[in-house]
Student: 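Sharing a structure, written as structure tokens. Questions coming.
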Amino acid sequence: MGTQIRSDILDEASRLADAAFAAGTPVRAIGGVAVRLHAAAGVHPALARPYGDIDLVTTSKGRNETGRFLASLGYEPNERFNAMNGSTRLVFYDVENGRQVDVFVGGFRMCHRVPVADRLHLDRTTVPLAELLLTKLQIVHLNEKDLRDIFAIVLEHEVAEHDEDAINAAYVAALLAADWGFWRTARQTIEEARARLGDYALEPVERDLVAARLARLWERVEAEPKSLRWRSRAKIGERTRWYEEPEEIEHRAG
């Protein structure tokens, strides 16, 4: 297996994905790079953004295998950080290109938890589109890159009831129907995204398509029967905070 890390981040992400699939290692891309990898013709110019690092996810059982896999491809582990945080997060470095690889282990947790490691078998390169979008919908304080990623995902992919190059609305709805807090944040995120859609230089037909797909997704979420846990938490509402404040984990090299 070659260890020469490619300078182009998208080429390198593709190399990682291909090598992981060939080796049977349970690793898939998430984050902005994953959004770009899913855009067959490239992200729309109005939504394009630079990518600084590569984010990956693996299963809890695949943690050690993933560490060996990345080392075999030329990445240097942050030994101290990984020893202390390896049950949930691993960090590796591409020293030559000044890049970092963050590996989420077992799940993705920021403002809310997305079980991104549960369905890795559905896509050979990235987490499924539903989970990819959910990692953006769980953000309480959206920034520019997150909005661009949301629009890029929704512009390029239909909202459907399956995972075949589509956003699986049934999966999104089931997850949010079990968690009022996540539902509340996702509603806020979609409302903000729809309100700010006009800020981007999309054609009117493209803006209409994104708005219609976001509306269709939310209609599907609202139609899903809510769990007892969801209804109990809904009674409390916003009187108590419904999300976590993600912490920046210190992981300097060395």
Side-chain angles (χ1 to χ4, degrees), residues 6-18 28-57 97 99 102 108 110-111 114 116 122-173 185-221:
R6 297 172 184 173
S7 59
D8 182 275
I9 193 169
L10 295 174
D11 287 346
E12 177 58 15
S14 294
R15 181 183 80 110
L16 284 172
D18 290 344
R28 301 293 186 270
I30 60 170
V33 168
V35 174
R36 173 60 183 82
L37 291 176
H38 254 294
V43 170
H44 191 291
L47 305 174
R49 69 175 183 86
Y51 307 110
D53 296 308
I54 297 174
D55 292 331
L56 303 173
V57 62
N97 295 295
R99 290 198 300 253
D102 280 287
F108 178 93
M110 291 296 181
C111 299
V114 184
V116 290
L122 294 176
D123 193 298
R124 63 171 287 169
T125 303
T126 77
V127 298
L129 286 162
E131 283 90 332
L132 191 55
L133 182 59
L134 282 163
T135 64
K136 300 297 178 178
L137 296 184
Q138 62 84 37
I139 300 170
V140 173
H141 304 295
L142 284 175
N143 61 33
E144 180 72 14
K145 67 180 180 64
D146 299 318
L147 275 172
R148 288 175 182 269
D149 287 345
I150 289 171
F151 295 145
I153 294 168
V154 177
L155 178 61
E156 294 294 329
H157 303 283
E158 183 57 85
V159 173
E161 296 285 298
H162 57 76
D163 294 287
E164 296 177 15
D165 199 35
I167 300 162
N168 188 336
Y171 181 82
V172 173
T185 295
R187 186 187 71 180
Q188 172 182 302
T189 301
I190 287 179
E191 288 175 351
E192 182 175 351
R194 295 183 71 186
R196 295 177 62 181
L197 188 51
D199 297 345
Y200 297 85
L202 298 171
E203 295 295 327
V205 67
E206 294 168 332
R207 285 197 296 271
D208 290 346
L209 179 60
V210 172
R213 285 176 173 172
L214 287 173
R216 191 180 315 140
L217 176 64
W218 198 250
E219 287 171 3
R220 181 64 179 82
V221 169

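Side chains included, hydrogens not; waters and symmetry mates left out as well; all remaining heavy atoms used.
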Student: Can you give me the closest heavy-atom contact between Ala152 and Val35, atom names plus distance?
Tutor: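 Distance-wise, the nearest heavy atoms are CB-CG1, 3.8 Å.
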
Student: Does any non-hydrogen side-chain atom of Val43 lie less than 4.5 Å from one of Arg148?
Tutor: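 Arg148 vs Val43: side chains apart.
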
Student: Once rounded to the nearest 0.5 Å, what's the spacing between atom CZ of Arg194 and atom CZ of Phe151?
Tutor: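 Atom-to-atom, Arg194:CZ and Phe151:CZ are 10.5 Å apart.
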
Student: To the nearest 0.5 angstrom, please state how far the CD atom of Glu131 sits from the CD1 atom of Ile30.
Tutor: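 Result: 10.5 Å between the selected atoms.
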
Student: Side chains of Leu133 and Leu217, heavy atoms from C-beta outward: is any pair under 4.5 Å?
Tutor: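 Touching, per the 4.5 Å side-chain cut-off.
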
Student: Closest approach of Pro128 and Asp163, non-hydrogen atoms and distance?
Tutor: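 Where Pro128 meets Asp163 most closely, the heavy atoms are CB-OD1, 4.1 Å.
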
Student: If you round to the nearest 0.5 Å, how far is NZ of Lys136 from CD1 of Ile190?
Tutor: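 Taking CD1 in Ile190 and NZ in Lys136, the distance rounds to 14.5 Å.
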
Student: Please find the pair of heavy atoms, one from Gly32 and one from Tyr51, that lie closest to each other, and give the distance.
Tutor: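 Here Gly32 and Tyr51 meet closest at O-CE2, 3.4 Å.
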
Student: Given 3.5 Å as the limit, does a donor-acceptor pair link the side chain of Arg36 with the main chain of Leu10, or not?
Tutor: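 No: the side chain of Arg36 does not pair with the backbone of Leu10.
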
Student: Compare all side-chain heavy atoms of Asp55 with those of Val33 and state whether any distance is below 4.5 angstrom.
Tutor: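 A side-chain contact is absent here, since even the closest heavy-atom pair is not under 4.5 Å.
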
Student: Can you check salt bridge (charged side-chain N to carboxylate O under 4.0 Å, His left out) on Glu12 and Arg15, steps first, answer last?
Tutor: CA-CA 5 Å; Glu12 177 58 15; Arg15 181 183 80 110; 2.8 Å; yes

Student: Tell me which one of Val127, Val114, Leu37 satisfies side chain to side chain contact (heavy atoms under 4.5 Å, CB included) with Leu132.
Tutor: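 Exactly one candidate clears the test, Val127.
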
Student: Any donor and acceptor pair, going by atom type alone, linking the side chain of Gln138 with main-chain N or O of Thr185 inside 3.5 Å?
Tutor: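 Pair absent, no side-chain N/O of Gln138 close to backbone of Thr185.
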
Student: Can you name the nearest heavy-atom pair linking His38 to Asp165, along with the distance?
Tutor: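 Heavy atoms only, the tightest pair is ND1-OD1, 4.3 Å.
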
Student: Rounded to the nearest 0.5 Å, what's the gap from CG on Asp146 to NE2 on His141? Could you check?
Tutor: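 So the CG of Asp146 and the NE2 of His141 are separated by 12.0 Å.
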
Student: Answer whether the closest heavy-atom distance between the side chains of Leu202 and Leu197 falls below 4.5 Å.
Tutor: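 Answer yes - side chains close enough.
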
Student: Are Leu47 and Asp149 close enough that some pair of their side-chain heavy atoms sits under 4.5 Å apart?
Tutor: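 Contact flag for Leu47/Asp149 side chains = no.
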
Student: Answer yes or no: is there a side-chain heavy-atom contact under 4.5 Å between Tyr171 and Leu134?
Tutor: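 Of all side-chain heavy-atom pairs linking Leu134 with Tyr171, at least one is under 4.5 Å.
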
Student: Taking the side chain from Arg124 and the backbone from Asp18, do they hold a donor-acceptor pair closer than 3.5 Å?
Tutor: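 Not a single qualifying donor-acceptor pair exists.
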
Student: Between the main-chain N or O of Ala169 and the side-chain N or O of Arg220, is there a donor-acceptor pair closer than 3.5 Å?
Tutor: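 Pair absent, no side-chain N/O of Arg220 close to backbone of Ala169.
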
Student: Can you list every pair that meets side chain to side chain donor-acceptor pair (under 3.5 Å) and has a residue in residues 197-207, with sequence neighbours left out?
Tutor: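 The answer is His44-Glu206, Glu144-Tyr200.
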
Student: Nearest 0.5 angstrom please: Thr125 OG1 to Arg28 CZ, how far?
Tutor: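 It comes to 7.5 Å.
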
Student: Restricting to non-hydrogen atoms, name the atom on Ala173 and the atom on Val221 that form the minimum distance, rounded to 0.1 Å.
Tutor: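 Heavy atoms only, the tightest pair is CB-CA, 3.8 Å.
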
Student: Output the distance between atom NZ (Lys145) and atom CD1 (Ile139), rounded to the nearest 0.5 Å.
Tutor: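 Here the interatomic distance stands at 6.0 Å.
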
Student: Do Leu142 and Ile150 come close enough that some side-chain heavy atom pair is under 4.5 Å?
Tutor: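 Side chain of Leu142 against side chain of Ile150, heavy atoms only: contact under 4.5 Å found.
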
Student: Please name the pair of heavy atoms, one in Ala166 and one in Ala160, separated by the smallest distance, quoted to 0.1 Å.
Tutor: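 Scanning both residues, the minimum pair turns out to be CB-CB, 3.9 Å.
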
